[in-house]
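See below for the structure under consideration.
Quick note on labels: first sequence line is chain A, next is B, and so on, each numbered from 1.
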Number of protein chains: 2
Amino acid sequence: MTTSPSGGSTAGSADAEKKLRPGRTNATKQKLFEASMDLIGERGAAGVTVDEIATAAGVSKGTVYYNFGSKSDLIAQLLRHGVDILMARLLSVRDDSADPLAAMEEMIGQAMDFMAEYPSFARLWVSENWRTPSEWQDTFAELRGRLLAVIGSAIDGVAAAYPVDPGVSRGSLETAIFGACFVVGLDRQTYNPERTREQSVAAIMASMRGYVVKQPPAQA
Amino acid sequence: MTTSPSGGSTAGSADAEKKLRPGRTNATKQKLFEASMDLIGERGAAGVTVDEIATAAGVSKGTVYYNFGSKSDLIAQLLRHGVDILMARLLSVRDDSADPLAAMEEMIGQAMDFMAEYPSFARLWVSENWRTPSEWQDTFAELRGRLLAVIGSAIDGVAAAYPVDPGVSRGSLETAIFGACFVVGLDRQTYNPERTREQSVAAIMASMRGYVVKQPPAQA
DNA sequence: CTAAATAAACTGACCGGTCAGTTCAAATAA
DNA sequence: TTATTTGAACTGACCGGTCAGTTTATTTAG
C-alpha cells in the first residue's frame, strides 16, 4: 500500500493534519467531494461506482484510494465536509440579543440558501440519515447532534424572550424545524422551483410563531 | 415467457382483476411487499438484491419476476401500495365541520401512527423521493400530489374557519407539514424512541397554530 | 368417480456483465 | 528527494434478468 494520507474518519471535522503538505491532495479531495456530492445525491450512495466518481472528478481510480481509504470513508468525510459548510453558515448568524425570532428567521434563511446551493448534499443526507444499520450511523449521530444543538440554542433564545407553549417539547420542535428545512428546501428544488426563498422561510417560521403563545402565558 | 400477470402499474390501486383466479398471487405479492418494504427501507433500493427479497419472502427469484416485471416495477408498485395505506388512514379522519384544527391534529396523529407502523416505507419515501432523474419520478409526482391534496384540503378547512397569515403560502405550508410528518416520525423511530406520539403531533401542529393569526385579522 | 388436460404459479440454475477493492511500476510535480 | 498521481490490470464476488422445466389447483372428458 502507498503512504495514503486518507484523513481521520472520526476527526473533529477540522482539518487536523492538513499542513503536512499542501500538495495537490486538498485540491484533489475538493474535486472528489464535489463530484461525489453530485453523483451520490442523484443516484444514492449504493448507486454510484468509484470509477464514476473518479472520472467525474477528472482523476484516476487509484487517486480515490490514495486520498480515501475506501468508498465508505469517502462518504463519511463527505458528510463531515457538508456539515462543516452548513454549520459555518448557521453560526454566521449574529446571536445578537435583539430579536431572537428574527435570528431564528435568518438562520432558517441560511439553511434554505444552503439547500439551494448544495441540493445534492441535502439529498444524500435525507437518503442515508435514517437507515437503521448503516455504515455511517455514528457519523450521522454526531453530526446531527451538532446541528441540532445550534437550532436548539436558537429555540432557547426565543423561549427566553417570549412566552412559549409548554406543551411543545424543545426536542421535537428542533427535529420538526430541522427536518422541515431539508424537506422544504428539497421540495422547492425538485417540484416547486417557482417558490421563493421567503415563502419557504415563512412556512417554516410558522411553527416558531405557533410555539410562542398568543395570549400572555395562560397560567403555567 | 410464461403468462405473467404482473399487475397494472398505473392502476387506480383498486384490485381490478382479482377474481379471475384467487390463486396464490395476491398472497405472494403481499409477502413480497412486506419483505421488500423492510429490506429496501433499511438498505435502500439500490442496496438490496432481488435474491434477498425473494429469500426474505420465502419465494424463489423467478416468482418475483413472475409477479413483477422488474425490480423497478416491484418498487413502483410498492410505493403505490404504501401510499394507499397512508391515504386510507388520512381519509378516515372525519371531515366534520366541527373544529378544522382538531381534524388537522387528528390527521397528523394518523400520519404519525403510519410512520411508526411502516417506518421502512417512510425511509424508502424520503430516500428516493427527491432524486433528480429517477425511475420513479412520475410515480412520485403522482403519489405526492394525491397526498398533498388531502393535506391541502385540511389546511383549507382551517383557513376557512380561522383568520390566517396571508404571508404563508398554502403550498409551502403543505410541504412543510407533509415533510415534517415524515421527518419527525422517522427521527422518533431512529434517534428518539422515548418521544411520545403527542409530543410529535404537538410539534408539527405548532406550524398550524402559527398559521392562524393571533389577533383577529390585522387588516388584510 | 377418475384420469387426462390445461394453465397459472413457481422454481432455481445459469449467463453476461458489473463492481469494489487491490496492486504496482512508471510518471509528475513540489 | 519525496509526496502525489496515473493508468492499467486483476480478482472474486455479486447482480439483474432469463428460461426451461416442475408443481399445484381446477376443469374437462370418459
Side-chain N,O ([X]) to OP1/OP2 ([N]) below 4.0 Å:
X: N26(A); N: dT4(D); answer: no
X: N67(B); N: dA8(C); answer: no
X: T28(A); N: dT5(D); answer: yes
X: Y66(B); N: dC10(C); answer: no
X: T63(A); N: dT6(D); answer: yes

Rounded to the nearest Å, what distance is computed from the [atom1] atom of residue [X] to the [atom2] atom of nucleotide [N]?
X: K71(A); N: dA20(C); atom1: NZ; atom2: P; answer: 4 Å
X: F68(A); N: dT22(C); atom1: CZ; atom2: P; answer: 15 Å
X: D51(A); N: dG17(C); atom1: CG; atom2: C1'; answer: 14 Å
X: I75(A); N: dA20(C); atom1: CD1; atom2: C1'; answer: 12 Å
X: L32(A); N: dT4(D); atom1: CG; atom2: P; answer: 14 Å
X: K31(A); N: dT4(D); atom1: NZ; atom2: P; answer: 15 Å
X: K29(A); N: dA3(D); atom1: NZ; atom2: P; answer: 16 Å

Would you say the side-chain atoms of [X] and [Y] include a donor-acceptor pair closer than 3.5 Å?
X: D73(B); Y: Q77(B); answer: yes
X: T175(A); Y: R195(B); answer: yes
X: S169(B); Y: S172(B); answer: yes
X: D113(A); Y: Y118(A); answer: no

**Asked** Closest to the V50(A) side chain: dT18(D), dG21(C), dT6(D)?
**Response**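 Nearest to the side chain of V50(A) among the choices is dG21(C).
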**Prompt:** So does R131(A) pair up with E128(A), basic N to acidic O under 4.0 Å?
**Reply:**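 Judged by the 4.0 Å cut-off on N to carboxylate O distance, R131(A) and E128(A) do form a salt bridge.
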**Message:** Under 4.0 Å between a side-chain nitrogen and a carboxylate oxygen: does that hold for E106(A) and R89(A)?
**Reply:** no
**Message:** Tell me whether D156(B) at atom CG has more than 12 heavy atoms from other residues, nucleotides or ligands lying less than 6.0 Å away.
**Reply:** yes
**Item:** CG (D51(B)) with more than 12 external heavy atoms under 6.0 Å
**Value:**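 Check passes, neighbour count above 12.
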Find every protein N or O atom lying less than 3.5 Å from an N or O atom of nucleotides 8-12 of chain D, and list the pairs.
none

**Prompt:** With sequence neighbours left out, what residues match R43(A) under salt bridge (Lys or Arg N to Asp or Glu O under 4.0 Å)?
**Reply:** E52(A)
**Request:** Taking only heavy atoms on the protein side, list every residue of residues 35-49 of chain A lying under 4.0 Å from any atom of DNA chain C, sorted numerically.
**Result:** V48(A), T49(A)
